[in-house]
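First the structure, in the form of structure tokens, and then the observations on it.
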Amino acid sequence: MDYQQCISNNYHQVCQNIEKAANKSGRNTEEIKIIAVTKKQPVEVIKAAYACGMRKFGENYAEEGIKKIIALNQLVDIEWHMIGHIQSRKTKLVCEGYHYVHSLDSLKLAGKLNTICMQKQRRLPVLLEVNVSGEISKNGFKAEDLSDWQKLLVTIDQLASFDNIEIQGLMTMPPLTANPQESINCFRMMRELQIFLQNNRPIINWKELSMGTSFDYEVAIEHGATMVRIGEAILGPRIN
Ligand SMILES: *Cc1c(COP(=O)(O)O)cnc(C)c1O
């Protein structure tokens, strides 16, 4: 089987699984978006995914992604999502090439993105990356307990003063363990945090919840994910 056929089969299987998970939790499949994670995948693979109907692609490294963005700029309706940590010196690349940022993880980064977007006269939709599990290896705003959540409100008020970035929700990376119960705890807490923020800062529409990868997207959907970031389950193994 060639890789085009293989990606197509995987995609349809994942779509079916998403539909099942959505039905199980009484949700509308329409509100769940697949972000196909294309890090370490060549442009041929992205073209094949596009041919299957995928339109939203996620990259982790600004530089690696921008090469593909340029190479594929003929593909209409394509949407590039930045899902990895953004280094300060890469903020310009991100504002130039990407449509959406999942990994806003500091006030400083927000300030930089805002300044460049202002110069470029664009508005950048973003998600706040949060760390609800307390794993030190992870990026994101600390959001382990209620006192962190209260502090986060202060940060959000500062972020809200940046007119050229638009907060649309939250993102998290799953715990690094393979223990499914830990993922569930994490997703549950994300959903609670989303509701807390919606109640306490209703001026922002906290509609998006970006969580779940190849391993746990179905559980993520059962807990309210609106964006699932799926790499290998659709596109196959990454080249290193
Ligand atoms: C790589 C990656 C994914 C997707 O991982 P898969 O296991 O290939 O589905 C999702 N989110 C982020 C931030 C990633 O770096």
Side-chain angles (χ1 to χ4, degrees), residues 3 6-18 21 32-43 45-46 48-49 52 54-69 79-87 90 93-94 97-106 109 125-133 135-141 143 168-180 182-184 186-187 190 208-240:
Y3 68 88
C6 193
I7 289 171
S8 170
N9 292 352
N10 290 343
Y11 179 52
H12 289 108
Q13 185 61 58
V14 166
C15 288
Q16 267 182 27
N17 295 343
I18 288 176
I32 298 151
K33 298 167 275 285
I34 296 176
I35 315 301
V37 177
T38 50
K39 65 173 178 226
K40 294 183 182 160
Q41 297 281 8
V43 290
V45 165
I46 304 174
C52 295
M54 284 171 258
R55 290 294 178 270
K56 299 181 198 313
F57 297 94
E59 284 283 338
N60 280 64
Y61 308 99
E63 202 108 34
E64 180 193 330
I66 209 83
K67 291 187 189 135
K68 301 176 198 176
I69 293 171
E79 211 178 273
W80 291 97
H81 292 233
M82 180 61 191
I83 62 172
H85 176 65
I86 302 170
Q87 294 167 287
K90 299 291 161 64
L93 271 187
V94 170
Y98 293 78
H99 300 92
Y100 208 106
V101 165
H102 291 232
S103 44
L104 185 71
D105 58 8
S106 74
L109 173 62
V126 301
L127 302 176
L128 304 191
E129 180 171 357
V130 294
N131 179 354
V132 294
S133 64
E135 272 180 73
I136 37 175
S137 58
K138 276 209 239 172
N139 296 312
F141 294 100
Q168 297 195 343
L170 301 171
M171 176 272 213
T172 200
M173 275 297 280
L176 292 172
T177 64
N179 178 353
E182 279 190 37
S183 292
I184 293 174
C186 161
F187 297 149
M190 287 294 287
E208 306 290 355
L209 213 43
S210 169
M211 57 187 195
T213 69
S214 289
F215 302 102
D216 50 18
Y217 63 94
E218 290 149 298
V219 199
I221 287 166
E222 286 169 35
H223 290 88
T226 62
M227 292 179 173
V228 285
R229 306 182 308 267
I230 303 179
E232 295 192 309
I234 297 177
L235 304 175
R238 286 182 274 272
I239 36 167
N240 277 298

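Bear in mind that the values here come from a model prediction, so they are computed numbers and not experimental data. Atoms within a ligand are numbered from 1 in the order they appear, just like the ligands themselves.
Pocket lining of ligand 1, defined as residues with a non-hydrogen atom under 4.0 Å away: Val37, Lys39, Asn60, Ile83, Met173, Thr213, Ser214, Phe215, Arg229, Ile230, Gly231, Glu232, Arg238.
Among residue pairs with one or both ends in residues 213-224, those qualifying as salt bridge (Lys or Arg N to Asp or Glu O under 4.0 Å) are Lys24-Glu222; sequence neighbours excluded.
Under the side chain to side chain donor-acceptor pair (under 3.5 Å) criterion, Glu63 pairs with Lys90, not counting sequence neighbours. The side chain to side chain contact (heavy atoms under 4.5 Å, CB included) test applied to Arg55 returns Tyr50, Asp77, not counting sequence neighbours.
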* side chain to side chain contact (heavy atoms under 4.5 Å, CB included) between Arg238 and Lys39, worked out -> CA-CA 8 Å; Arg238 286 182 274 272; Lys39 65 173 178 226; 3.4 Å; yes
* Asked: Val219 and Ser183: side chain to side chain contact (heavy atoms under 4.5 Å, CB included), yes or no, with the steps?
  -> CA-CA 8 Å; Val219 199; Ser183 292; 6.0 Å; no
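Side-chain polar atoms of Gln13 and Asn9 form no donor-acceptor pair below 3.5 angstrom.
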